[in-house]
Every structure is written in structure tokens, then in C-alpha cells.
Amino acid sequence: MPANPIFFAETKLPHQKNYGGALFPAVLSPPAAVEDSHKRPSVLTAAVKDHKPWLDSLLHRHGAILFRGFDSVSTASDFNDVVEAFGYEELPYVGGAAPRTNVVGRVFTANESPPDQKIPFHHEMAQVPNYPSKLFFFCEVEPANGGETPIVLSHIIYDKMNEKYPDFVEKLQKHGLIYTRVLGEEDDPSSPIGRGWKSTFLTKDKTLAEERAAELNMKLEWTEDGAKTIMGPIPAIKNDETRKRKIWFNSMVAAYTGWEDKRNDPKKAVTFGDGNVLPDNIMYDCLKILEDESVAIPWRKSDVLLIDNLAVLHSRKPFTAPRRILASLCK
């Protein structure tokens with residue numbers, strides 16, 4: 001699909017992968033012919049509004065779009081304007097595990113866990129029924145080193161896992177998954193899943209927290225100093241109806257290898273929907289497949305990454321500060 005010659009130039013980067021002629025991710029930059037277009041904040045937002053159907057089609061084909069070189073997008077407020085220009089409805093962050101802080105408008109910090117920690121691959125909020133359909137990430141401060149946000153196409157992972165472990169995949173499709181997480185009262189910024197129950201359910205009222213958990217079909221059990229949430233059984237594999245293919249829509253590997261802190265044991269964080277434990281060897285082989293198929297493009301300041309959450313899993317590599325990546329979730 002050719003880029004719009006007035007506002008966007010399709011760019012190739014060495015990190016991209018080619019699947020059936022479609023580069024992953026698509027990369028759009030300001031065209032050289034439009035002198036200084038990237039220096040005016042209104043240019044990208046206006047281009048998005050004028051070419052929204054074309055951008056939606058591009059996202060549907062490629063799964064993710066990296067907007068690079070639009071240097072005028074330099075602040076959280078600028079990023080918020082870009083998100084608003086797409087016209088997607090905002091999704092409140094209810095039920096998610098990551099500690100986040102609202103910055104401006106519908107913009108939040110990305111997962112605030114310590115820089116030495118890796119965040120494993122996952123579909124955003126796949127462990128709850130109300131997950132976002134789209135994700136935006138924005139590089140406000142370029143990392144000193146590392147800190148990429150690797151992305152991988154979900155249907156590729158399903159295909160490879162089904163080919164290698166058909167019995168395991170069949171059991172996943174039959175039973176689904178149960179996710180269990182122990183929460184403190186307040187947020188724990190030292191943990192990648194350290195969101196306390198108050199911010200998880202956006203309330204200090206236990207009765208209201210129970211109501212919001214029930215709306216998510218989540219079981220909530222109060223403990224002496226916090227709460228335990230139990231979600232499931234819920235599907236681990238979904239049908240992407242718009243693309244007519246199956247997707248690896250879960251946070252299974254993320255939970256099994258990364259939901260670890262002083263309250264949580266990752267091996268107990270996720271099980272088959274019938275309560276049986278997941279096979280350790282398959283979990284770590286799935287992690288290897290995810291890493292092998294992923295694309296990790298180093299962040300540059302002002303980068304905006306748009307992800308179709310039904311098509312793509314993402315993660316985070318450890319980094320050397322400074323690094324500030326902001327995010328926005330859409331229904």
C-alpha cells in the first residue's frame with residue numbers, strides 16, 4: 001500500500017520483518033518534499049484527521065505503525081493531541097496490573113517498574129474481558145541504552161505453537177486460563193505488577209471495588225493487607241474476525257515468567273482453566289519463539305507507535321535511564 005505522498009512517506013528500517021509482502025511494523029515519516037513539515041505541531045494531527053481511513057487500513061494490514069521524524073510531537077500534551085486526532089474512544093485503565101500515572105488528558109506513563117526489569121510479551125489487559133483494541137506509545141525521553149518495546153504478530157505465535165505443540169494448544173482452547181494476582185492496598189513501584197487494589201479499581205471503597213471486579217467477572221478476595229484477584233477461566237486463543245485467523249491472545253508467558261514480587265509467585269499466577277499447572281518447558285519455549293519472531297526498534301525522541309492490540313503482543317527490555325515512554329489505551 002503506497003504512503004500518502006503529501007503527508008507521509010513509507011520508510012524502511014533494518015529491524016522490520018516481512019510477512020507475505022507486508023513489513024512489520026509499517027513506518028511512516030514526513031516526506032522530504034514537504035520542507036519543515038515535521039516542525040509544526042499541527043501537521044501530524046491534521047494529517048491523521050484527513051487520512052484516518054487510510055491509516056486504519058494500513059494498521060489493519062501491518063498490525064502496527066511507527067510514526068518517526070515528526071519532531072514537533074515533543075510533549076505529553078502534543079502526544080495527547082495526536083491520540084485525540086485518531087478519534088478512538090478512551091478505555092479507562094480498570095483491572096490492569098501495571099503501575100501507571102496519569103500525565104495529561106488520556107495519556108499515562110507506561111509501566112513504571114524498575115529499569116533493570118524486563119516486562120514479558122503480552123496483549124494489553126488480555127487477562128480481563130475489557131481490553132483495549134488499540135495502544136499508543138510515545139517516546140518523550142529517548143533511553144540512554146536499551147529500553148526497546150519489542151512487538152510480535154500474534155497469529156504467527158499461534159501458528160508456530162500449534163505446529164510444535166498441538167496437544168497443548170488444544171488443551172488451551174478447551175480449558176482457557178485462570179490468572180491469579182495478589183495486590184497490596186497501595187501501588188508498589190518496585191514491581192512490574194505492583195498496582196494496588198485502590199488504583200486497580202479506581203476507588204478507596206471496598207464495596208465499589210467488589211462491584212467493579214464483578215463487572216469484569218473477576219473474583220475478589222480480601223486479605224489482611226490487600227486483596228487477591230482471580231480471573232477466569234477465560235480464553236487463551238481468540239479468533240481475529242476481521243482478519244480471519246486465530247491469535248495468541250493471552251498474558252500467559254508474561255504471568256508465568258514475570259508476575260513475580262514479594263506477594264506473587266509467577267508459577268501460581270496462571271494455570272489452565274481446570275486448575276492444572278502449565279508445563280514449564282513449553283512456557284519457556286514459547287518465550288523463545290516470541291523473542292525470535294519479535295521486532296525491537298530502538299526508540300527515538302518523538303516516536304509514536306500505534307499498535308492493534310488484537311494483532312500484536314508487546315514487551316519491554318531493561319534500560320539505562322533516562323527513559324520516558326508514555327501510553328494511551330483505546331476501546
Side-chain angles (χ1 to χ4, degrees), residues 3-11 13 25-56 58-59 62-93 96 98-112 115 124 132-144 147-149 151 296-309 312 314 316 319 321-331:
N4 182 284
I6 299 176
F7 292 105
F8 299 110
E10 194 157 331
T11 305
L13 297 176
V27 181
L28 299 179
S29 297
V34 183
E35 194 69 28
D36 294 333
S37 66
H38 63 292
K39 295 181 180 179
R40 290 184 284 117
S42 62
V43 169
L44 181 56
T45 54
V48 166
K49 290 177 181 177
D50 289 344
H51 300 279
K52 174 71 162 36
W54 178 79
L55 290 168
D56 281 341
L58 194 73
L59 181 65
H62 294 265
I65 304 172
L66 173 65
F67 297 87
R68 169 161 286 183
F70 295 91
D71 300 340
S72 64
V73 184
S74 60
T75 68
S77 181
D78 294 336
F79 173 49
N80 189 72
D81 290 343
V82 173
V83 174
E84 291 281 2
F86 274 88
Y88 303 132
E89 189 176 351
E90 182 180 8
L91 180 77
Y93 190 54
R100 300 178 187 267
T101 302
N102 183 233
V103 178
V104 62
R106 52 195 291 182
V107 172
F108 288 76
T109 56
N111 191 317
E112 296 176 342
E124 189 66 30
S133 68
K134 311 285 192 305
L135 314 173
F136 287 90
F137 292 104
F138 166 63
C139 181
E140 186 176 40
V141 179
E142 192 173 316
E148 298 94 338
T149 300
I151 54 177
I297 299 175
W299 284 110
R300 290 186 184 174
K301 180 172 171 54
S302 299
D303 279 352
V304 174
L305 177 63
L306 170 58
I307 292 175
D308 184 331
N309 193 40
V312 174
H314 68 280
R316 188 199 76 182
F319 63 92
R323 176 190 188 267
R324 184 169 167 86
I325 305 297
L326 304 180
S328 186
L329 311 181
C330 307
K331 284 187 179 179

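Because only heavy atoms are used, hydrogens play no part in the values below, and waters and symmetry mates are left out as well, while side chains stay in. Just so we're clear, the structure is a prediction, and the values are computed from it rather than from any experiment.
Distance check: F137 CZ to L326 CG gives 10.5 Å after rounding to the nearest 0.5 Å. L306 CG to L135 CG: the interatomic distance, rounded to the nearest 0.5 Å, is 8.5 Å. Atom CD of E112 is separated from atom CZ of R324 by 8.0 Å, given to the nearest 0.5 angstrom. One distance of note links CD1 of I325 with CD of E140; it measures 9.0 Å at 0.5 Å rounding. F319 contributes atom CZ, which lies 13.5 Å from atom CD of E142 (distance to the nearest 0.5 angstrom). In this structure, the separation between OG on S133 and CD on E89 is 9.5 Å, given to the nearest 0.5 Å.
Contact detail for K331 and P92: the closest heavy-atom pair is CE-CD, 4.4 Å. Among all heavy-atom pairs drawn from Y88 and C330, the shortest one is CB-CB, 3.6 Å. Taking each heavy atom of H62 and A26 in turn, the nearest pair found is CG-CB, 3.7 Å. Taking both residues in full, the closest heavy atoms of A64 and P25 are given as O-CB, 3.5 Å, listed atom of the first, atom of the second, then distance. Summarising the geometry of A144 relative to A321, their closest heavy-atom pair is CB-O, 3.3 Å, with the distance given to 0.1 Å.
By the neighbour-count criterion of 12 heavy atoms within 6.0 Å, atom NZ of K301 is densely surrounded, having more than that number from other residues, nucleotides or ligands.
In this structure T11 satisfies the side-chain hydrogen bond (donor to acceptor under 3.5 Å, both in side chains) test together with S29, sequence neighbours excluded.
At distances below 3.5 Å, at least one donor-acceptor pair connects side-chain atoms of D78 with backbone N or O atoms of T75. Between the side chain of S302 and the backbone N or O of V73 there is at least one donor-acceptor pair closer than 3.5 Å. In this structure, the side chain of N309 engages the main chain of P132 through a donor-acceptor pair within 3.5 Å. Judged purely by atom type and a 3.5 angstrom limit, S328 uses its side chain to pair as donor or acceptor with the backbone of R106. With hydrogens and angles disregarded, a donor-acceptor distance shorter than 3.5 Å links the side chain of N102 to the backbone of V107. With T109 contributing its side chain and T101 its backbone, the two residues share a donor-acceptor pair below 3.5 Å.
Between W54 and F8, the two ring planes are parallel [angle under 30°; tilted spans 30° to 60°].
Looking only at atom types and distance, the side chain of S77 has no donor-acceptor partner in the side chain of N80 under 3.5 Å away.
Side-chain contact between L305 and H314: absent, with no pair of heavy atoms (C-beta onward) separated by less than 4.5 Å.
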- Query: How far apart are the C-alpha atoms of F86 and K52, what are their side-chain angles, what is the distance that settles it, and do they pass the side-chain contact (heavy atoms from CB on, under 4.5 Å) test?
  - Reply: CA-CA 7 Å; F86 274 88; K52 174 71 162 36; 4.0 Å; yes

